[in-house]
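Notes follow the structure.
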2 protein chains.
Amino acid sequence: MASEAVRDQNNRNEGENRDPGFCGKLMNKVVEFPRKLKKLGQDDPRRIVHSLKVGLAVLLVSLLYYFQPLYDGLGATAMWAVLTVVVVFEFSVGATLGRGLNRILATFLAGALGFGVHHLANLSGKTAHPILIGVFVFLLAASVTFLRFFPRLKARYDYGLLIFILTFCLISVSGYRDEEILEMAHKRVSTILIGAFTAVFVCVLICPVWAGDDLHNSVANNIEKLGSFLEGFGDEYFKVAGNAESNKALLQGYSSVLNSKQSEESQANFARWEPRHGKFRYRHPWKHYLKIGTLTRQCAYRIDTLNGYLNSEIQTPLNIQSNKVQELCMKMSSESGKALKELAWALKTMTKPCSAASCHITKSRAAANNLKSLLKTSAALLGSQGIHLLDIVPAITVASLLSDVVSYAEQIEKSIHELSSFSHVQFKSAEPTKALQPCNSSASSTNDNVPHLVITIHKLPSQQEIGSKQGAAN
Amino acid sequence: MASEAVRDQNNRNEGENRDPGFCGKLMNKVVEFPRKLKKLGQDDPRRIVHSLKVGLAVLLVSLLYYFQPLYDGLGATAMWAVLTVVVVFEFSVGATLGRGLNRILATFLAGALGFGVHHLANLSGKTAHPILIGVFVFLLAASVTFLRFFPRLKARYDYGLLIFILTFCLISVSGYRDEEILEMAHKRVSTILIGAFTAVFVCVLICPVWAGDDLHNSVANNIEKLGSFLEGFGDEYFKVAGNAESNKALLQGYSSVLNSKQSEESQANFARWEPRHGKFRYRHPWKHYLKIGTLTRQCAYRIDTLNGYLNSEIQTPLNIQSNKVQELCMKMSSESGKALKELAWALKTMTKPCSAASCHITKSRAAANNLKSLLKTSAALLGSQGIHLLDIVPAITVASLLSDVVSYAEQIEKSIHELSSFSHVQFKSAEPTKALQPCNSSASSTNDNVPHLVITIHKLPSQQEIGSKQGAAN
C-alpha cells in the first residue's frame, strides 16, 4: 500500500516532467470533457434527472413573472421565490426538506423578531433609532454566528441560523428607510414559502432521491466491499497454484470504506427530515446505521493492514505445518468474507440475517479456533523441522488480523440483528430455501479439503446459531 | 476497542431506560447550555473573535442604510450588500476569499449572460419573449446543476456555480417586467462588490484565521498524536512494573486522525485561495500536506489495530527469550513515537528535520532488525523452553504491526523532507544544539538497558543518516 503510494507519486512526477505546455493541457482538457461528462452521468443517472428537475422547478417558479394575476400580488419580490428554489433544491429529498424547513422557519422567526426590534426602535425616537438597531444587529449576528459552532446545531440547523441572521438584518435595517416594513416582511415570507414548496414538490414528486435509501445502501455496500476483499484475499496472499495472475487491483474496492464517516453522518442527518417512504417508516433508527458504519470502518482498518501484507514478500516454507496454517487462514478469510456478503445482502434487502451468515461466521470462528489449537502444539515441531520463527511471522500476523476481522464480522452481525429488532423496523423473515442453503452447500463445498474442519463445523452451528438467535431476540 | 464500543452502547441503552421525562431532559439541557457555550469558546477562542467580526461586518455594511449619500446611490438594493456579507463571511480567510471571489465572478458573468439573453429575447417579439427566456433558464439551470457534480468543480467553484444560476435567472426573468434591467444588474453587481469587500477586509484585517495555518498545524498535530500513542503504547501493553494505573484513556488521542481526510481536503482547497502570509508564500504546496496526511492516516489505521491489542488479554511467558521480544517491541514503539514527535515539531516550526528524528527512526529500525534476527534463532529455543507458539502470537503480531509503523514513520520523514525541498518553501536549518542533542541523549538514555542494542545503534545512524539526507537532497 505504502510502496504503491510512493510509486504513484513517482509516476505523477514523471508525468509532470513531460509537461505538454499550457495549450496542450487545455486541449487535453477540452477533448476529455465530454467523456468525463458522459461518465458522470453513467456513474449515477439520477444526477441527470436531478439537473432536469432543478431546471423545471426554476421554470415553474419563474411563471410568477409571466402571469399577470400572480405578478400583481407579489411584484418584484417574486425574485425571492426564484432565489429560494435555486438555494433550497438539493440532491436528496431529506436535504431539500431540511433546507426548505430551515429557511421557512428561520424567515418566520427572524421576520417577527426584526419587526419587534423595528417597533421598539421606532418608540425611542429618530436619533436613537439607528443606534439601537445597530446594537441589536451586532449582538444578534455575533451570538447566532457563535451558536453555529455547536456541532449538533451545525449538523441540522446551520442553514437556518444563517438565514435567521440574514432575515433579521434585512428586516430591521431596511425598516429604517422603508415604512412599509410589515408588507415587506409578509411578501418575503410568502415568496419564500412559494419557492420552498415548489422545490420540495418537484423534488418529492419526480423520481425522488431519498437520503435514507442512500444511507441504507451505502452501509450495506460497504460491508459487501469488505466481504469481496476477504473472499479474494486468501487466494491472493498465498498465491494459490493455477491463479497466477494478480487480482490486487480488484481487491482495492474496500479503500472507499475507510473515509466514509462524514458522508454517512450527513446522510443520516438528511434522512431524519424524510417522511415515511418505501421500506422505511418515519423515525427509522438512522443513528443505528452509523453504529454499523463505525464497526465496518474499524474492520476496514484491519483490512487495510492486511492489504499491506499483499505487497510484502512472503517466504512460506512448504511443509505440512505451514500448509495447515495457510489453509486455516484461507478458510477464515473466505468464510468471513462470505459471511459479510450474506450480511450485506440481508441488510440491503431487509431480510433477517439468515442462518447462512451465522453458518459462515461459525465456520470462520471454528477455523480461528483450530488455528489456535494448531499453534499450541506446533512449537516443538518448528525446531525439529528447522523452520525459523521469523519465516512464519507474516503468516501469524495475517492469521491474527484475520481473527480480529472475524470478531468484527460477529459484531456487525449482532448489530444488524439489533437493527432488525427495533420495534418500528420491518425486516422480512428469511426465505426457507435461503435459510436451508448454507449447511447443504458447506457439506459439498470444494473448499473443505481439511477433514478435521468439517467435523468441527457440523458440531458448532446449531449451538451458536441458537445463541445468536437468542441475542437477536433480546 | 470493539468491546469498548459494545460497552458504550450498553451504557447508552441503560441511560435511555432511566428516562427522566421530557421536562427533566429540557431542564438538563438548559442547565448545561452555558457550560457548553463556555467550553466551545475555551476550546478555540478564535470562535468568539470570529463571531464579533461577523457582527462588525454586518454593522459596517448596514451603514449604507443610515447615511443619506450612500443610500441615495444604491437605494433598497443595499440589502444585497447585507446579504452578501452574511453569506460570504466564513471562519478562515481562504474560505471567505473563495466565496467572495466566486460570488463576484459568478455575478459578473451571469449578469452579462442574462443581459445578453434578455436582449436576444427582446428582439424576438412580445409572444416569443417569455418562451425563449423560459427555454434558456431551463437549459442553463439544468446544465450548470449537472456541472456541480464534477468533483473538481465542486471542491472550489460550487458556490460560484450556484450564484451563476441564481443571478442568471434573476436578471433574465425579471428583465421581462423590469425595463431598467441594466441598472438593476449594475446595482446588484456593485452592492455585491461592496458586501464581499467588506467581508474580506474585516476577515483579513482583524485577527485573520488562515486556512493554510490550520492545515499546517493539523497535519503536524496528527503526526504528534500518533507519536504520543506510540510513546505510551509499549509501557501500557507490556504493563511495565511500577506503572500499574492504566493510561488507556490518555492514548485515545490518535482516534481523531482516522477521520481527518475531509477536513484536510477542504482546508487545502481554502488555503489555495489565500495570499502570502506568515511563513507561507503564495502557491505553497498545500497538496503535499494531503500526501503527508494520507501517510499519517495509513499509519493511524495500524495504530488502531495495535490499540485493539491493549484490550485483549496477554499471557507473556516470563523468560529471557520473550523478555527480549518485549524490550525490542517497547524500543520500537517508543523510538518511533519519539521520531514522529520530532517530525511533528520540525513540520510545525518549519525546521529541516534534524538528525534527532533520523536518529530515533534509525534506532527503531535497528530494534526491528534485532527482533528479526532474534526470531531467526529462537525457534529451537521455544520448544525446549516449553513455550507454546500460541502464547507469543499477540507479541509477534504487535511486533509485526510496530515494524509497519516504523516503515510509515520513515515514509513520513521522507515526505517532510520532500516538502522542505520545494523551491518556494522556506524551512529553517535545524539549530546546532538541537542537531547535536539526540545522539548525546541516546547514550545517556535510561531506556537503553539492553547492551547489544546500544552497540547496534552506534554503528547504524551515520550510515542511514547519510542515506536519508541524500534522499532529501534528491
Side-chain angles (χ1 to χ4, degrees), chain A residues 1-2 40 47-48 50-52 54-55 58-59 62 65-66 71 76 79 82-83 86 130 134 137-138 141-142 145-146 149-150 162 165-166 169-170 173-174 176-178 259 261-262 298 301-302 304-305 308 372 375-376 378-380 382-383 387-390 393 396-397 400 404 407-408 411, chain B residues 1-2 40 47-48 50-52 54-55 58-59 62 65-66 71 76 79 82-83 86 130 134 137-138 141-142 145-146 149-150 162 165-166 169-170 173-174 176-178 259 261-262 298 301-302 304-305 308 372 375-376 378-380 382-383 387-390 393 396-397 400 404 407-408 411:
Chain A
M1 188 83 196
L40 211 61
R47 290 172 177 159
I48 301 171
H50 169 72
S51 306
L52 296 176
V54 172
V58 173
L59 191 65
S62 68
Y65 272 87
Y66 301 138
Y71 188 78
M79 69 174 171
V82 177
L83 200 147
V86 175
V137 163
F138 177 81
T145 304
F146 190 68
F149 285 111
F150 261 101
L162 185 78
I165 305 176
L166 197 81
C169 294
L170 287 187
V173 171
S174 64
Y176 178 65
R177 290 283 169 184
D178 196 347
N259 296 304
K261 191 184 179 206
Q262 261 176 302
Q298 284 174 341
Y301 300 152
R302 273 68 183 167
D304 190 54
T305 313
K372 266 191 193 170
L375 291 178
K376 225 174 212 163
S378 54
L382 269 186
I387 302 170
H388 295 310
L389 194 51
L390 183 66
V393 164
I396 285 183
T397 312
S400 193
D404 283 4
S407 317
Y408 276 106
Q411 286 181 56
Chain B
M1 188 81 197
L40 210 62
R47 288 171 179 161
I48 302 172
H50 170 72
S51 307
L52 296 176
V54 172
V58 173
L59 191 65
S62 69
Y65 272 87
Y66 300 139
Y71 188 77
M79 70 174 171
V82 177
L83 200 146
V86 175
V137 162
F138 177 81
T145 302
F146 190 67
F149 285 110
F150 261 102
L162 185 78
I165 304 176
L166 197 81
C169 294
L170 287 187
V173 170
S174 63
Y176 179 63
R177 289 284 169 184
D178 195 347
N259 296 304
K261 191 183 179 207
Q262 260 174 306
Q298 283 174 340
Y301 299 152
R302 273 68 182 166
D304 191 54
T305 312
K372 266 190 192 169
L375 291 178
K376 226 173 213 164
S378 55
L382 270 185
I387 302 169
H388 295 311
L389 194 51
L390 183 65
V393 162
I396 285 184
T397 312
S400 191
D404 282 4
S407 320
Y408 275 106
Q411 285 181 56

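Any value given below was found using the heavy atoms of this structure, including those in side chains, with hydrogens, waters and symmetry copies removed. Proteins get letters first, then strands, A, B, ... in listed order; numbering begins at 1 in each.
- Between atom OG of residue A:Ser62 and atom CG of residue B:Leu170 there is a gap of 11.0 Å, rounded to the nearest 0.5 Å.
- A distance-only check finds no donor-acceptor pair linking the side chain of B:Arg302 to the backbone of A:Arg302 [under 3.5 Å].
- With respect to chain A, the highest number of heavy-atom pairs below 4.5 Å among B:Asn259, B:Asp404, B:Val58 belongs to B:Asn259.
- A donor and an acceptor atom, one from each side chain of A:Ser51 and B:Thr145, are nowhere located under 3.5 Å apart.
- Ranked by heavy-atom pairs under 4.5 Å with chain A, the first of B:Val137, B:Val82, B:Val54 is B:Val54.
- A:Lys261 NZ to B:Lys261 NZ: the interatomic distance, rounded to the nearest 0.5 Å, is 15.0 Å.
- Interface check for chain A: of the options B:Ile48, B:Val86, B:Thr305, B:Ile165, the most heavy-atom pairs under 4.5 Å are formed by B:Thr305.
- Aromatic ring centroids of B:His50 and A:Phe149 lie under 6.0 Å apart.
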Taking it one step at a time, do B:Leu52 and A:Phe146 satisfy side chain to side chain contact (heavy atoms under 4.5 Å, CB included)?
CA-CA 9 Å; B:Leu52 296 176; A:Phe146 190 68; over 6 Å; no

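- In this structure, the portions of B:Val173 lying under 4.5 Å from any heavy atom of chain A include both its backbone and its side chain.
- If you take CG on A:Leu83 and CG on B:Leu83, they are separated by 7.0 Å, rounding to the nearest 0.5 Å.
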Side chain to side chain contact (heavy atoms under 4.5 Å, CB included) evaluation trace for A:Leu40 with B:Phe150
CA-CA 7 Å; A:Leu40 211 61; B:Phe150 261 102; 3.8 Å; yes

